[in-house]
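Have a look at the structure below, then the notes.
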Amino acid sequence: MRIYNSETRRKEPFKPREEGRVALYVCGVTAYDVSHIGHARAAVVFDVLVRNLRANGYTVVFVRNFTDVDDKIINRAAEENRSSEEIAEQYIEAFREDMSRLDVLRADFEPRATEHIQDMQAIIGKLLDTGYAYATSEGNVYFRVRSFPDYGTLSGRDVEELKAGIRIDPDDEKEDPLDFALWKRAKPGEPSWSSPWGEGRPGWHIECSAMSEKLLGIPFDIHGGGQDLIFPHHENERAQSMAASGGTFARYWMHNGYVQVESEKMSKSLGNFVTVEDVFREHPPEVLRFFLLGKHYRSPLDFTWPAMQDTEKALKRIYQARMNMSLALEQSGGKDTPLPEEITQEAGQLMQESQDHLDDDLNTAACMGHIFSLIRLGNRILENKGWRRSTQGRELLQSVLEHIRSTGDILGVFHKDPATFLDELRRFKAEKYGVDLEEVQRLIRERQEARQNKDFSRADALRDQLAEMGITLQDGPQGTDWDME
RNA sequence: GGCGGCAUAGCCAAGCGGUAAGGCAGAGGUCUGCAAAACCUCCAUUCUCCGGUUCGAAUCCGGAUGCCGCCUCCA
């Protein structure tokens, strides 16, 4: 596999620290609000990474944390007159529910910051001993950025330039405005823990340093997160951990791009947040997942509702094709019509390349392009009666079908039972538009009778009536099927 | 102001020096009582613009324009 390493700004061959085993840490969410589609993208991207590593035969130890002590949680708790613990618990559950619907696998470890206060204090202590950090009389502990010469390497920033851009807070007791908090003195009413430096709580960055080292050991293989975490979060994490350990922290850094809405970043001030739940009200979760994988993970992805509509159609097409191929395979074969060599070759190439694309820095979009090409190839076999019934044709169809499904297992899309998916999609829409399924079935039966009696004007009138409900009919050999929009 | 990213058909999108994947929409066709669905075929001599390097550039270099992001909490 090849992976783009944010630190070197290059695609590099991936070699884990230990043959066959991968230690992966991804920054999770701060549990103070429901998930938006940006959270979903990060989760889905790294979920595909994990699945693909496992498909490549690696044993993966995957850690994704929850930040459960933080200003935003504290503020929210104050607003709602509840405890921080309650707020964190509520949104951790909400996150898990959303991710489960998106088919995002649980991490092997999902630590919470508050479970690792001791580990954080141990690192802070070490940094104080070695002069990389200092405690103030107030009871705050800061990291001394100037003491770590490599600071800025990850985010490509120069310390001098950073300093120029920083506004100096006159009340600040930091030695240098660039220094960041490792430990924050407790304020009344806030969650706090006792420490050698007084009552307080950890800074945000130290959480990930402590949890990753504790659960994976350092250096671990891959550290992931959203692009917005590169600075300052990951830069600071890296500085702390490297200063404390004297060695490498993460061997590869991977960052996913933003999800934008109407070409702009989602933000509280613009009020353009789209939550995962918002999307789930309009489309089945798998449609969102498919959409998120439609563009390379490092590029910005623009969310629009029409794009979701297109995505749903594309996804439906894959399931439809899988179903058509399966049905053909259920019929008898045994003919010996030869399949042109080019077809077999093309299929082999497409299957190989679709996996190669995944292995090449997770190029899901290119991979899916090849899946569609395989579908067209499969359909061409289906179209040709001789090929469809020949041993060669059926064997190829079988392997194409299997390849599509196993690729779907890695991507976490189009891998369910096709009939079930298609049926669920219809039910989803029926519910969304408030259509009564009984009523639909009744009208379809009535029309069926009219058609049998060759009363086509009656049949067409019934079809129009159903069309007004948003329902289109499909007459087939086994009866009439229906669909929405 | 400093740093970084992006610009490919009506829309979305892959492409990483060898002659433009794929999806949606659109057109034609097969099928059908008529439809719909499904399927097949077609759909960018050209990659924002201007220069340069090269036998060869969407891909590399320089410049211009436009959009986005980071530098403060953020996936």
Side-chain angles (χ1 to χ4, degrees), chain A residues 9-11 26-30 32-33 35-46 67 70-72 75 152 155-158 160-167 204 224-233 235 255-260 263-268 273 290-291 294-296 298-302 304 306-318 320-321 323-324 350 353-354 357 360-361 363-376 378-380 382-384 451 454-457 459-460 463-464 467 471-477 480-483:
Chain A
R9 280 163 257 272
R10 272 203 309 267
K11 243 188 243 182
V26 176
C27 287
V29 294
T30 298
Y32 78 107
D33 207 344
S35 300
H36 59 245
I37 52 182
H39 297 119
R41 186 181 195 189
V44 166
V45 162
F46 289 102
T67 294
D70 175 90
D71 286 338
K72 292 191 289 292
N75 292 341
S155 56
R157 269 157 238 257
D158 182 86
E160 294 308 319
E161 278 160 7
L162 275 174
K163 195 184 173 186
I166 278 187
R167 203 192 305 153
W204 176 36
Q227 243 156 34
D228 46 354
L229 296 181
I230 295 178
F231 190 89
H233 185 53
E235 190 69 69
H255 293 97
N256 65 276
Y258 303 100
V259 176
Q260 307 180 323
S263 300
E264 281 179 322
K265 188 180 168 180
M266 289 189 289
S267 73
K268 285 269 146 85
F273 270 91
F290 192 69
F291 172 76
K295 196 168 180 186
H296 187 90
R298 279 188 279 118
S299 305
L301 171 62
D302 201 30
T304 63
M308 288 300 294
Q309 202 60 254
D310 291 351
T311 303
E312 186 175 285
K313 286 181 191 165
L315 181 59
K316 203 173 150 189
R317 183 158 124 82
I318 301 181
Q320 186 65 244
M323 190 151 89
N324 294 346
L350 285 169
E353 286 179 2
S354 76
H357 277 127
D360 183 18
D361 195 33
N363 195 341
T364 52
C367 171
M368 294 196 306
H370 284 246
I371 294 299
F372 280 106
S373 299
L374 278 166
I375 281 172
R376 190 179 300 167
N379 283 334
R380 263 189 279 148
L382 254 39
E383 275 294 290
N384 184 307
R451 287 180 73 216
K454 303 268 188 244
D455 184 357
F456 292 122
S457 60
D460 290 350
R463 181 165 64 198
D464 291 345
I471 291 192
T472 51
L473 298 178
Q474 294 142 30
D475 296 324
T480 299
D481 222 336
W482 62 275
D483 204 350

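Chain A is the first sequence line, chain B the second, and so forth, proteins listed ahead of strands; every chain is numbered from 1.
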Salt-bridge contact [X]-[Y] (side-chain N to carboxylate O under 4.0 Å):
X      : Y      : result
A/D483 : A/K316 : yes
A/D360 : A/K11  : yes
A/D302 : A/K295 : no

Roughly how many Å apart are [M] and [N], using the [atom1] atom of each and rounding to a whole number?
N      : M      : atom1 : result
B/rA64 : B/rA21 : P     : 33 Å
B/rG69 : B/rG29 : C1'   : 48 Å
B/rG15 : B/rU46 : C1'   : 14 Å
B/rU19 : B/rC11 : C1'   : 27 Å
B/rA13 : B/rU8  : C1'   : 9 Å
B/rG23 : B/rA38 : P     : 13 Å
B/rU32 : B/rG18 : P     : 48 Å
B/rA14 : B/rA57 : P     : 24 Å

*For A/H39, which residues count as a ring pair (Phe, Tyr, Trp, His ring centres under 6.0 Å) partner, sequence neighbours excluded?*
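In terms of ring pair (Phe, Tyr, Trp, His ring centres under 6.0 Å), with neighbours along the sequence ignored, A/H39 is linked to A/H36.
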_Under the rule for ring pair (Phe, Tyr, Trp, His ring centres under 6.0 Å), what residues qualify as partners of A/F291, not counting sequence neighbours?_
A/F303
*Can you check whether A/K295 has a side-chain N or O nearer than 4.0 Å to OP1 or OP2 of B/rA13?*
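It does, given that an N or O in the side chain of A/K295 lies less than 4.0 Å from OP1 or OP2 of B/rA13.
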*Give a yes/no answer on whether the side chain of A/K265 brings an N or O atom under 4.0 Å of OP1 or OP2 in B/rA75.*
no
*asked:* Assuming nearest nucleotide by heavy-atom distance, tell me which of A/D310 and A/L301 is located more 5' along RNA chain B.
replied: A/L301
_Reading RNA chain B from 5' onward, which residue's closest nucleotide shows up sooner: A/C27 or A/G369?_
A/G369
_Is the terminal nitrogen or CZ of A/R451 (NZ for Lys, CZ for Arg) located under 6.0 angstrom from the six-membered ring centre of A/F456 and within 45° of that ring's axis?_
no
*Out of B/rG23, B/rG69, B/rC70, which has the shortest distance to the side chain of A/E264?*
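That would be B/rG69.
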_Closest to side chain of A/T30, choosing from B/rC24, B/rA14, B/rA75_ = B/rA75
In the structure shown, which nucleotide is the Watson-Crick or G-U wobble counterpart of [N], with both distances under 3.5 Å?
N      : value
B/rU45 : none
B/rG51 : B/rC61
B/rU72 : none
B/rA21 : none
B/rA37 : none
B/rC6  : B/rG66

*Which letters describe nucleotides 32-43 of chain B, given B = protein heavy atom under 4.0 Å from base, S = only from sugar-phosphate, - = neither?*
-BBBBSSSSS--
*Classify the nucleic acid contact of A/H296 as base, sugar-phosphate or nothing, counting any heavy atom under 4.0 Å across all strands shown.*
sugar-phosphate
*Under 4.0 Å between any heavy atoms, over every strand shown, what does A/K11 touch: base, sugar-phosphate, or nothing? Just pick one.*
base
